[in-house]
Amino acid sequence: MKVAIGCDHAGMAMKNQIVPVLEELNIEIMDFGTNVEESCDYPDYGEKVSEVVSNGSIERGILICGTGIGMCIVANKFPGVRAALCCEDYSAKMSRLHNDANILVLPGRIIDGNTAKRIVKTWLKTDFEGGRHQRRLDKIKAIESKLK
Ligand code: RB5
């Protein structure tokens, strides 16, 4: 699996904690930055990751900012992106089982590194359940098409 990852300055420390977890899982990582501590704008990095997930060139993405809210707003503007802001394991699991979330958003200033690592592992290993949930995703797709 390939995973695109991106963050702003408020998410960089957490990104640096998560990258080794992805490496351990033999995941191919595309790191879109930021990789410097200077203040930057989360939409710039959210856009890069969301773009490659939206166009299908990379299967999954992980975005991190201070609260996760900004990155989530950006990501969910992109067609086909289903971004889920998760602060604990249960939401991470459900975002895969029921929502087939293809971008995980984490709040770098709210949860600790170990919680983030656990969330990432759960999110990556959980498969979409399909069935009635696919019907609901189809409805989201129909809404996207209507709004085009
Ligand atoms: C940056 O200060 C902060 O606003 C950003 O990381 C994020 O929390 C926005 O939603």
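Here, residue 1 is the first one in the sequence, and each next residue gets the next number. Each ligand, and each atom within it, is numbered from 1 in the order the structure gives.
- Within the listing of ligand 1, atoms 1 (C), 2 (O) sit less than 4.0 angstrom from a heavy atom of His9.
- Atom numbering of ligand 1 starts at 1 in the shown order; those under 4.0 Å from a heavy atom of Ala10 are 6 (O).
- Within ligand 1, counting atoms from 1 as listed, the ones closer than 4.0 Å to a heavy atom of Gly66 are 5 (C), 6 (O), 7 (C), 8 (O).
- Within the 3.5 Å criterion, the main-chain N or O of Asp44 finds no donor-acceptor partner in the side chain of Asp41.
- For the side-chain contact (heavy atoms from CB on, under 4.5 Å) criterion with Leu85, the lone passing option out of Leu104, Leu106, Ile69 is Ile69.
- Of the protein's heavy atoms, Gly70 N, 2.9 Å lies nearest to atom 10 (O) of ligand 1.
- In this structure, the separation between CG on Asn102 and CD1 on Ile62 is 12.0 Å, given to the nearest 0.5 Å.
- Contact annotation: Arg109 has at least one heavy atom less than 4.0 Å from an atom of ligand 1.
- The side-chain tip of Arg60 points at the ring of Trp123 from less than 6.0 angstrom away and within 45° of straight on.
- When Ile110, Ile69, Asp8, Ile64 are checked for heavy-atom proximity to atom 6 (O) of ligand 1, Asp8 turns out nearest.
- Within a 6.0 Å radius of CD in Glu88, other residues, nucleotides and ligands contribute more than 12 heavy atoms.
- For ligand 1, the polar-atom distance check against Tyr42 finds no nitrogen or oxygen pair separated by under 3.5 Å.
- The pair Asp100-Arg96 meets the salt-bridge criterion, with a side-chain N (NZ, NE, NH1 or NH2) lying under 4.0 Å from an Asp/Glu carboxylate O.
- Set against the non-hydrogen atoms of Cys65, the atoms of ligand 1 under 4.0 Å away are 6 (O), 7 (C), 8 (O), 9 (C), 10 (O).
- Looking only at protein heavy atoms, the nearest one to atom 8 (O) of ligand 1 is Thr67 N, 2.9 Å.
- Remark: Lys93 is not positioned above the aromatic ring of Tyr90, lacking an NZ or CZ atom under 6.0 angstrom from the ring centre and at most 45 degrees off the axis.
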